[in-house]
Each structure stands twice: as structure tokens, then as C-alpha cells.
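Counting from 1, the numbers follow the sequence of the chain as shown.
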Amino acid sequence: MTPELISSLSLASPELIIAVGALALLMVGVFSGRRANDIVNGLAVAVLAGAGAWMLLFAGHGKAFGGAFVSDPFAVFMKVLMLIGAAITLIMSVGFAKAEKFDKFEYPVLVLLASTGMMMMISANDMMTLYLGMELQSLALYVVAAINRDSARSTEAGLKYFVLSALSSGILLYGITLVYGYTGHTGFDAIASALTDTGRQLGLVFGLVLVLAGVAFKISAVPFHMWTPDVYEGAPTPVTAFFASAPKMAAMALMVRVTMTPFEPIGPDWQQIIVFVSIASMALGSFAAIGQRNIKRMMAYSSIGHVGFALVGLAANTEEGIRGVAIYMLIYLVMTLGAFAFILAMRRKDGNVEQINDLAGLAGTNPMMATLLTLLMFSLAGIPPLAGFWGKWYVFLAAINAELYTLAVIGVLMSVVAAYYYLRIIKIMWFDEPDEGFQPMAGELRLVLGASGLFVLFYVLIGAPIGRMAEAAAKTFF
């Protein structure tokens, strides 16, 4: 092997660890049958943790495979978030999968394959790497959404995600061909150099719009959000938790990298697109969630709104804005994992329930669960001094310093609207007549919910080191 190949394999070693681990665990599952389900799930978590540890300890920074793959502080930061999301959702799924009888060894293997694709997305420095990573992620997610074959809702969710995701892939590919046609390159650095030399052209702007549209689908940003509520509601709840966490980290990282690297010379063009998508996502996510009665559909619209808030920081096109996006995504990940740990614990003798009204009087039957969910709901609403407030503070401050005053004002107003449906849940738990209580929480769910609650409550004490890490990640592009 040449020194260049050895260097490239070293930089991509975390991805290789996960890919090889997925193939090995597939063989373990095939030859061991159903009795291997718990073992494969546990080993999958270990593979994700091992890849994360290797990346932090040994993998360096640089470009690999002819510049198509890049490892830098921003990639490491977002990959760590993605790996945390994937590992915790696997841990949370154990009890639910057994109860609902879809504990199949294929599920953790597919999560590992999706994670490999997501890590490629985060490190993409070429349009081909971007597309390959996105498709590897999507192919695994199609199956994961429909993993519960005995459920018509799960099958429907997988089919809807497949059809709409295939459409978005076509849009993305057409955008890539336009960019290549007008610049003659697929590498991000080469595209940026070509744009610096030739300036913007109308056809290239069309290509930019289509590329951003394909990526926006993956973060469920308006107007490419239509799959989100149905897939969130129909997929098994652990799968929904996975959709809401790890892929969001990867897609948002890709959105940042695509705008800040190849299209950085035409910043004013993509800033207009990001501002529109941000406002539309905040507005739809805030208003559409008000009428929801299913808590998973409500969380779907909530995630659309939060994507809009995160994009406020990207719209600023500054180092401060990218730092705000990184901090916001970390806080959003913790809040989302905690909320879904609670939703997984909404279980009665006859099975899991998903209606918001099923939370009636929870403060009387289980005050600890009610208190922790109250903290998470206040944080999702952006109530100070909880973590969610600081996430919005950083992105809104970046927008104000970039003189995007209208965007910041609309963001604050949409935060007020969104607070309504979070506060409605708190009102139902604390002031409505008690309903039948839930079954005792599983240990892993109690741990995730408790850790999330403590994080959002005491974020002010640990925010400084997180801010420094996010700042180091943001300096990658400046």
C-alpha cells in the first residue's frame, strides 16, 4: 500500500470500524438466530463507542482519498453527537423491541450501516462522497422505518419515506450535475475556486437550489418536511427516536459543510435560501404542532421547528453563527433523546400509548417522571435558564450581529407560539384529573431521562467547555 492510501485509511478508520463491525455482527446474527438479538445489540453499541473513542484518540485531521474525504474539528464534533444519538437509541430500544416482538438482530446492524453513511456525509468534501454517504444512510433507514413487518403503520411509514427520499435523491443528483456542468468539478475546494474565478451564473444558482433542496429533505426542513409527521408516527418509537437524533446531526453538518465550503464564494445567494427555509420551518413547526393529539406527531413538528431555529445560525454566515448551530444541535440532541425516553416509557398493561391526553394527572401517579418531562418541555420551549434557552440565544445573537434583524424577531415570535404546545403538556400532567398510571420505567430509560433532565437543568454550569468545543469546530471554516 502507498503512504497516501495508508494515510487515507487512517483518517477514515472510524468509518471502517463501524462498517466492518456491521458486517461481522450480521454474520453473528445469521448463524446464531434469535438468541443473538441481545448480544448483537450490545455489541453494536460497543462498536459505536469504540469508533468514537478511536476517532478522539488516534484519528488525525486532514484530507483523504484525493480530497474527497475530510477529517477536521467540525467533523469530529458532529460525528461524536451522531454516534451518541445512535448508541443511546439502540440502548433505549431493548425493552420496547421485546415487548412489541420486533427484536431482530437486523435492526442494530442497519443502524450501524446508517451510521457509516452518516459519518461519510459529515466528512464529505466531494459531491460524490456526499451522495454515496446520503444513499448509504437512506437505504438503511428505509428498512429501519418498516422494521416491524407485523404493523401496517410501520410498513406505511417505510414506504412513504422510500418514495419521498427517492424523489429528493433525484433532485440532489440533478443539482450536482448542474454544479458540475458549470464548474467542471465535483470536489468542494475545486468548486469554490471555480466560483471565485468565474462568479455566479444563473444555471449554477439553480444547481445550488437543487443541492440544498436534497439536503433539506434529510433535515425535514420546510418545504421538504412532508414525510416527517407520518414516518415519526408510523415507525416504531425507538426508530422514531433514531430518526429524530442521529440523522439530524449528520444532515445538519452536511448542510453547513455544503454552504460553507463549495458555495462560500456565493454566500448571498445561499443565505437567501437558508433564511426562507428557516422562517418557513419555524412557522410551520410552531403552528402545525398546536393541533396534534399524538405525542410522536407533535415531536415531528417540533423537530421541524427546531431545524428552523438552528438554520438561523447558519443564515448568519459567520463563525459565531456556526458555533451557535453546533451548540444548538448538541442541546437539541439531548432534549430529544430525553423526550423519546419518556415516550418509550408511556406503557400500560395493554401496551404502549401515544396520545397526549394519556399524560393526564401524571404528576399524581408518577411525580418524578412528570418533573423530568416538565424540565424537558420548558427547555424545548426555550425557557431560561434551561439549556434550550441558551441554544436559541446563540443562534439569535449571531443573526442580530449579522444584521438579520427580521429573521431574529420572527424566530423569537415563533418561539412564543411554540411554547403553547409544550406548556399544554405540562398543564395536562399537573392539573388534569389523574388517568391510569404507567408501568414502571425500564432502567435504561430512567437513566437517559434523568441524564437529559440534569443536563438541561445544569447546562449553565457546563456551558463554557461546550462553547469552547463548538468554537473550535466553527473555526474549521474561517
Side-chain angles (χ1 to χ4, degrees), residues 22 26 29 34 37-38 40-41 44 85-86 88-115 117-118 135-169 217-218 220 225-248 292-304 336-337 339-348 350-356 358 439 442 444-445:
L26 179 61
R34 289 189 59 84
N37 293 347
D38 289 344
V40 172
N41 199 78
I88 291 180
T89 49
L90 280 179
I91 293 169
M92 293 195 301
S93 67
V94 175
F96 185 95
K98 287 182 178 177
E100 298 296 320
K101 296 182 173 54
F102 79 94
D103 52 331
K104 303 176 176 67
F105 73 85
E106 293 95 333
Y107 172 59
V109 172
L110 287 165
V111 168
L112 288 181
L113 292 173
S115 299
M118 286 184 263
E135 287 306 296
L136 178 56
Q137 174 210 237
S138 298
L139 287 170
L141 292 183
Y142 299 151
V143 185
V144 167
I147 193 75
N148 189 2
R149 290 177 295 180
D150 297 329
S151 168
R153 289 201 317 168
S154 178
T155 306
E156 179 187 357
L159 187 59
K160 284 180 176 177
Y161 184 68
F162 168 71
V163 172
L164 293 171
S165 186
L167 174 64
S168 78
S169 294
F217 178 91
K218 299 302 179 183
S220 56
H225 66 285
M226 63 292 290
W227 61 274
T228 313
D230 292 336
V231 173
Y232 274 42
E233 182 182 8
T237 306
V239 175
T240 306
F242 180 62
F243 268 88
S245 54
K248 281 280 197 302
Q292 303 304 317
R293 295 293 176 263
N294 182 291
I295 194 166
K296 287 165 68 176
R297 284 188 78 87
M298 191 210 79
M299 288 300 296
Y301 285 109
S302 170
S303 75
I304 294 169
T336 299
L337 290 173
F340 275 99
F342 181 92
I343 294 170
L344 283 163
M346 291 173 59
R347 187 170 188 83
R348 293 184 174 142
D350 54 349
N352 277 68
V353 293
E354 298 175 358
Q355 299 304 306
I356 292 174
D358 292 317
Q439 298 283 76
E444 64 272 11
L445 299 181

Colleague: Any non-hydrogen side-chain atom of Pro238 less than 4.5 Å from a side-chain atom of Tyr107?
Modeller: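 Heavy-atom side-chain distance check passes, below 4.5 Å.
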
Colleague: Do you know the tightest heavy-atom contact between Gly85 and Ser245?
Modeller: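 Between these two residues, the closest heavy atoms are O-OG, 4.0 Å.
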
Colleague: For a quick test of reading the model, state the closest non-hydrogen atom pair linking Pro108 to Ala44 and the distance between them.
Modeller: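 Smallest heavy-atom distance, with atoms named: CB-CB, 3.7 Å.
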
Colleague: Would you compute the distance between atom CD of Gln355 and atom CZ of Arg293 and round it to the nearest 0.5 angstrom?
Modeller: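 Taking CD in Gln355 and CZ in Arg293, the distance rounds to 9.5 Å.
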
Colleague: Without swapping roles, check the side chain of Ser138 against the backbone of Glu135 for a donor-acceptor pair under 3.5 Å.
Modeller: no

Colleague: Quick one: are Ile147 and Pro236 in side-chain contact, heavy atoms under 4.5 Å?
Modeller: yes

Colleague: So, Asn41 side chain and Leu90 main chain: donor-acceptor pair closer than 3.5 Å or not?
Modeller: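 Yes; judged by distance alone, with no hydrogens or angles, the pair exists.
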
Colleague: Look only at the side chain of Ser165 and the backbone of Phe162, and say whether a donor-acceptor pair between them is shorter than 3.5 Å.
Modeller: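 It does not hold such a pair.
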
Colleague: To the nearest 0.5 Å, what is the distance between CZ on Phe340 and CD1 on Ile295?
Modeller: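 Here the rounded value is 8.5 Å.
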
Colleague: Is any side-chain heavy atom of Lys218 less than 4.5 Å from a side-chain heavy atom of Pro247?
Modeller: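 Lys218 does not reach Pro247 side chain to side chain.
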
Colleague: Measuring from Ile304:CD1 to Met226:CE, what's the distance to the nearest 0.5 Å?
Modeller: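 So the CD1 of Ile304 and the CE of Met226 are separated by 9.5 Å.
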
Colleague: To the closest 0.5 Å, what do you measure between CE (Met298) and CD1 (Ile343)?
Modeller: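 Reported to 0.5 Å precision, the distance equals 7.0 Å.
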
Colleague: Please tell me if the side chains of Leu445 and Phe342 come closer than 4.5 Å, counting only heavy atoms from C-beta onward.
Modeller: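 The answer is no, as the side chains (C-beta and beyond) never meet within the 4.5 Å cut-off.
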
Colleague: Please report the shortest heavy-atom distance between Thr240 and Ala235, naming the atom on each side.
Modeller: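 Nearest pair, atom of Thr240 first, then Ala235: OG1-O, 3.4 Å.
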
Colleague: Would you please test Lys296 and Thr237 for side-chain contact (heavy atoms from CB on, under 4.5 Å) and show each step?
Modeller: CA-CA 8 Å; Lys296 287 165 68 176; Thr237 306; 3.4 Å; yes

Colleague: Working to the nearest 0.5 Å, report the span between CG of Leu337 and CE of Met92.
Modeller: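 That separation rounds to 5.0 Å.
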
Colleague: Could you walk me through whether Phe243 and Ser220 pass the side-chain contact (heavy atoms from CB on, under 4.5 Å) test, one step at a time?
Modeller: CA-CA 10 Å; Phe243 268 88; Ser220 56; over 6 Å; no

Colleague: Taking all atoms of both residues into account, what is the closest heavy-atom pair of Leu136 and Gly117, and its distance?
Modeller: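 Minimum heavy-atom contact is CD2-N, 3.6 Å.
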
Colleague: Tell me the closest heavy-atom pair linking Ala22 and Leu113, and the distance in Å.
Modeller: CB-CD2, 3.7 Å

Colleague: Can you give me the closest heavy-atom contact between Ile356 and Asn294, atom names plus distance?
Modeller: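 Ile356 and Asn294 have their closest heavy atoms at CG1-C, 4.3 Å.
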
Colleague: Have Arg297 and Gln292 got a donor and an acceptor in their side chains that come within less than 3.5 Å?
Modeller: yes

Colleague: How far does OG1 of Thr228 sit from CG of Leu164, to the nearest 0.5 angstrom?
Modeller: 9.5 Å

Colleague: Quick check: do Met346 and Glu354 have side-chain heavy atoms less than 4.5 Å from each other?
Modeller: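 Contact flag for Met346/Glu354 side chains = no.
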
